[in-house]
Amino acid sequence: MPCRRSTRLSYRPAPLTLPDAASAAGTDTIGAWTTVTTPQASEAKWQAMWRDDGTYEVDNDDPRPPFYCLCMYPYPSGAAHQGHVRNYTFGDLIVRHKTMGGHAVLSPMGFDSFGLPAENAAIKTGVHPRPFTDDRIAQLKASIGRLGAVYDWRREVRSHDPSYMRWTQWIFLRMLDAGLAYRKRAPVNWCPGCQTVLANEQVLADGTCERSGDVVTKRDLEQWFFRITAYADELLDDIDGLDWPERVKTMQRNWIGRSEGAEFDLVVDGRPEVAVRVFTTRPDTSFGMTYAVVAPEHPLVGDLTTAGQAEAVAAFVARVSTESEVERQTAEGPVDKRGVFTGSLVINPFNGKAVPVYLADYVLMGYGTGAIMAVPGEDQRDWDFAKAYDLPIVRTVAPPEGWEGEAYTGDGPAMNSEWLNGMAKDEAVAKAIDWLEAQGIGKRTVNYRLRDWLLSRQRFWGCPIPVVYCPDHGAVAVPDDQLPVLAPDDVEFRPTGESPLKFHEGFLATTCPTCGGPATRETDTMDTFVDSSWYFLRFTDASNDNAPFDPATATHWLPVDQYSGGIEHAILHLMYARFFTKALADVGAVPKGIREPFTRLFTQGMIRLDSTKMSKSKGNLVSPDEFFVREGADALRLAHLFVGPPQDDVDWEGVSIDGTTRFLQRVWRLGAGEVGTTVDRDETDADREVIRATHRLIARVTDEFERWSYNTAVAGFMEHVNALYKYAQTEAGARTETLAFAVDTMLALLAPMCPHITAELY
RNA sequence: GCCCGGGUGGCGGAACGGUAGACGCGGAGGACUCAAAAUCCUUUGUCCGAAAGGGCGUGCGGGUUCGAUUCCCGCCCCGGGCACCA
């Protein structure tokens, strides 16, 4: 056999000692006649080409049909972690798939760059959060680039960029104009040692401050709210039309928590001028009320407490003030410590009987009226409380025959209820409410679990709320032409965590826009969820200096055709973004027709390691960087796609980069003509079977892409490659034309998953 | 506590009422090699059996169905969210 000089392509993982992959020249020469292409060199080459050619940049007047594909923009935590890899692999797959299908795909990326970690780092190191954040963005951007995910970087948005902050503040002011932003007092976590407000995250499980160890209490502050509850019904109703995972839609519905029922007054025994208003969804059970409960922070607590009970009530209220809502609703610990008698009685208007009023930790001021009638016969929590405090239990709904449970919450004929007896639940509810209304002591109401959105944060590293306080004019909006309000750079971070804005005279001192007199700036900044509630709109028109975005341009791209991100955002972020879209349409910033931001949503599962969530704070991150260097981005992308259903959580232990690396090597050999023998001949049955199998692969993968069943699509590719190996290795060999068709077709289908190797081979 | 998910070989998973375990990892055996790596081929739920074959198997207990991993009810366990982490 003549020994001639040839170019041999080999696709093997490079050793970790390879020089920096990005700067590798593209080929290495091994010996005199073999040229090896490494995945790393190939990937760097294609990534540079996509970037330099602007292959995936789209203009707003692109004639192709528009498709807006968006992944939730990341908080810049430093180099990318596997959660980013997973999310952006799914997103990139869709971007490439839709682009191949002839769409103008808007694929933007940005950074959710305000937040607590940068501020904590500033307090620890004294470095201003901005350079810290910019540095982390650079790291994350580089990691994302090595994954081969393609974005139109001309549209990059950063929450902390003044050109973005300006419009975040502008939107706040439009909300204020429309009456959708307002101030009221609300409790915060207060650390008496640090003299500062703490985030929930900064409060340890035992209720102490993570910095000082002091017991954290609640303190009321005047704070800004968005009136999201004004949209409760629309937010609820519009869920039906969304192409979202059912579980997310269910969580959103439950979060809004619409419930129909009644409110009515319970008059204090012997003091007709004092009444406690209660909300109930079960007015049909009112005859079974054997006590009432008000929240420990209820304004009437002082009024209701008798002298004899004052000490016990005070102690109870003090203890509850150190507990979180979750703790208060957890039925752990001794039940008899969960409430206290106020000493007062109220009259049950249905039967005229006096029943005791208690405080209990499980009744929250933020829900309903902050007070309930307790009906232990038909509510398990009331049942447990009644047992612990030796209160009577009267059933007013007859349980089914053979009932051995405690409280019965189902339907059944009313009993022990005078004029309601025998009625089924719905009828009895209606009758009871009619009676309350006729008596003039109550009415039919709808209650929501959803609360208004508290957006004030007592922090430095966030977008300042553009308001000043004038002694004569109160809270006054900063005029549009003075935006953005920027925090100063010459600030000192205190070890207590207190916002430096509160002590910066140059920032604080200003003039009233109304009267020109001296005024003080608001020092609170906005919740970072405000930034993320409209960034998808800014992406459509990211460099607009005259408006947050041009309404016509926004209409061209919106709503987002495919949104994807982690399941952990199923409620808050998505609810707030939906609210902003509706509210902005109503204040005229977004065309009226756009009521929902995200047509189709995909939520991916989380990455866990040893069954705990993989996160920087837990210190169990597995960086993708070593995989980029060793196996290459395509192998890592494929490993994420193959490990299991995208919506399921992934235990990192189960991710096998070896299988997908090996598969890509087999694809490479097949594509490079290194497998078996090829011959030119007329079609045989074996050839026709390969052609049929290739068409079956097209149908299968197309369907599985549509269903997000990427793991089985990868299995399909593997089966195809295995079959082609068998085919080419038979004695008869493979027909050249047939094998080329089978391989080329597969490469085209595989391209959105593994863009580098398929581009290199194609 | 409330709300939402999940539980299938040694491991990740497949099977959208119809042959449980596709595909991959790991294991075993073989080919190639002086040898190793890599690669290629075969095999691999479990128990009994030399084999043929058979028993058992989708967290637990019931139910619907000709037929259930799949649908229903009740448990157990694991994970996520709970409004100031993002």
Side-chain angles (χ1 to χ4, degrees), chain A residues 10 12-13 72-77 112-117 120 186-189 197-203 223 228 245-255 257 324-332 338 361-362 366 380-381 384 449-459 462 527-529 531-532 565-573 575-576 603 605-606 608 611-613 615-617 638-639 642-645 647-660 662-663 665-666 669 674-676 707 709 711-722 725-726 729:
Chain A
S10 173
R12 294 214 180 95
M72 291 177 187
Y73 76 158
Y75 176 77
S77 53
D112 186 15
S113 47
F114 276 132
L116 196 55
N120 284 339
V188 293
N189 298 313
V197 176
L198 299 181
N200 286 346
E201 197 189 45
Q202 297 172 308
V203 182
Q223 305 190 74
I228 189 173
E246 271 315 312
R247 65 164 155 161
V248 176
K249 290 164 69 165
T250 304
M251 282 192 263
Q252 293 237 329
R253 287 190 188 102
N254 292 342
W255 188 257
S324 71
E325 282 185 17
V326 173
E327 283 170 329
R328 285 174 56 171
Q329 293 183 81
T330 302
E332 272 172 21
R338 306 200 53 201
D361 56 359
Y362 69 86
Q380 188 61 42
R381 213 157 35 171
D384 294 337
R449 218 185 67 93
L450 183 70
R451 311 200 289 249
D452 276 338
W453 172 7
L454 196 172
L455 67 117
S456 297
R457 295 291 180 272
Q458 294 71 38
R459 301 220 212 298
D527 180 3
T528 57
F529 276 125
D531 307 313
S532 57
I567 184 69
E568 65 272 24
H569 295 294
I571 296 175
L572 293 179
H573 162 61
M575 188 75 77
Y576 292 151
T603 49
M606 283 173 310
R608 287 179 283 109
S611 77
T612 52
K613 181 181 174 179
S615 70
K616 192 148 188 141
S617 58
L638 207 56
F642 185 53
V643 68
Q647 65 276 13
D648 286 5
D649 284 359
V650 173
D651 192 329
W652 183 253
E653 295 294 324
V655 177
S656 167
I657 188 91
D658 293 342
T660 55
R662 227 157 7 213
F663 166 72
Q665 289 162 11
R666 284 163 72 84
R669 278 183 227 113
E674 293 174 18
V675 180
R707 291 168 33 216
S709 186
N711 53 329
T712 57
V714 175
F717 287 123
M718 287 173 168
E719 286 170 38
H720 190 66
V721 165
N722 292 347
Y725 258 63
K726 280 214 170 66
Q729 289 177 344

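Predicted, not measured: the structure shown is a model, and the values here were computed from it. Proteins come first, then strands; the chains are lettered A, B, ... in the order of their sequence lines, and each starts at number 1.
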Point to revise | Atom-pair distance (CD on A:E246; P on B:G5), nearest Å | key: 9 Å

Practice item. With a 3.5 angstrom cut-off on both distances, give the Watson-Crick or G-U wobble partner of B:U64, or none if there isn't one. Key: none

**Study point:** Assigned partner base of B:C84, Watson-Crick or wobble definition, under 3.5 Å
**Key:** none

Practice item. Produce a footprint string for nucleotides 24-31 of chain B: one letter per nucleotide, 5' end first; B if the base is under 4.0 Å from any protein heavy atom, S if only the sugar-phosphate is, - if neither. Key: SSS-----

Exercise for review: Can you tell me the pairing partner of B:U39 across any strand shown, Watson-Crick or G-U wobble, with both distances under 3.5 angstrom?
Suggested key: B:A31

Exercise for review: Tell me whether the OP1 or OP2 atom of B:C4 has a side-chain N or O from A:N254 closer than 4.0 Å.
Suggested key: yes

Practice item. Report yes if a side-chain nitrogen or oxygen of A:Y75 is closer than 4.0 Å to either non-bridging phosphate oxygen (OP1 or OP2) of B:C85; otherwise report no. Key: no

Review point. So does A:R666 get a side-chain nitrogen or oxygen closer than 4.0 Å to the phosphate oxygens (OP1/OP2) of B:C40?
Key: yes

Review point. Does B:A38 have OP1 or OP2 sitting under 4.0 Å from an N or O in the side chain of A:Q665?
Key: no

**Study point:** Closest to side chain of A:Q458, choosing from B:C82, B:C85, B:C84
**Key:** B:C84

Practice item. Just label B:G29 as syn or anti from its O4'-C1'-N9-C4 or O4'-C1'-N1-C2 angle, using within 90° of 0 for syn. Key: anti

**Study point:** B:A50: pairing nucleotide in any strand, Watson-Crick or G-U under 3.5 angstrom
**Key:** none

Check your understanding: Counting only side-chain N and O atoms of A:R247, is one of them less than 4.0 Å from OP1 or OP2 of B:G5?
Key -> no

Exercise for review: Please work out if A:K726 contacts a base, only the sugar-phosphate, or nothing of the nucleic acid, heavy-atom cut-off 4.0 Å.
Suggested key: sugar-phosphate

Check your understanding: Paired with B:G10: which nucleotide, if any, by Watson-Crick or G-U wobble criteria at under 3.5 Å for both distances?
Key -> B:C25

Check your understanding: When we call it a touch if two heavy atoms are under 4.0 Å apart, what does A:F529 touch: a base, just sugar-phosphate, or nothing?
Key -> base

Check your understanding: For B:C56, which nucleotide in any strand shown is its Watson-Crick or wobble partner with both distances under 3.5 Å?
Key -> B:G45

**Study point:** A:N711 side chain, from C-beta outward: closest of B:C41, B:G1, B:G13
**Key:** B:G13

Practice item. Return the value, rounded to whole Å, for the distance between atom CZ of A:F663 and atom P of B:U39. Key: 15 Å

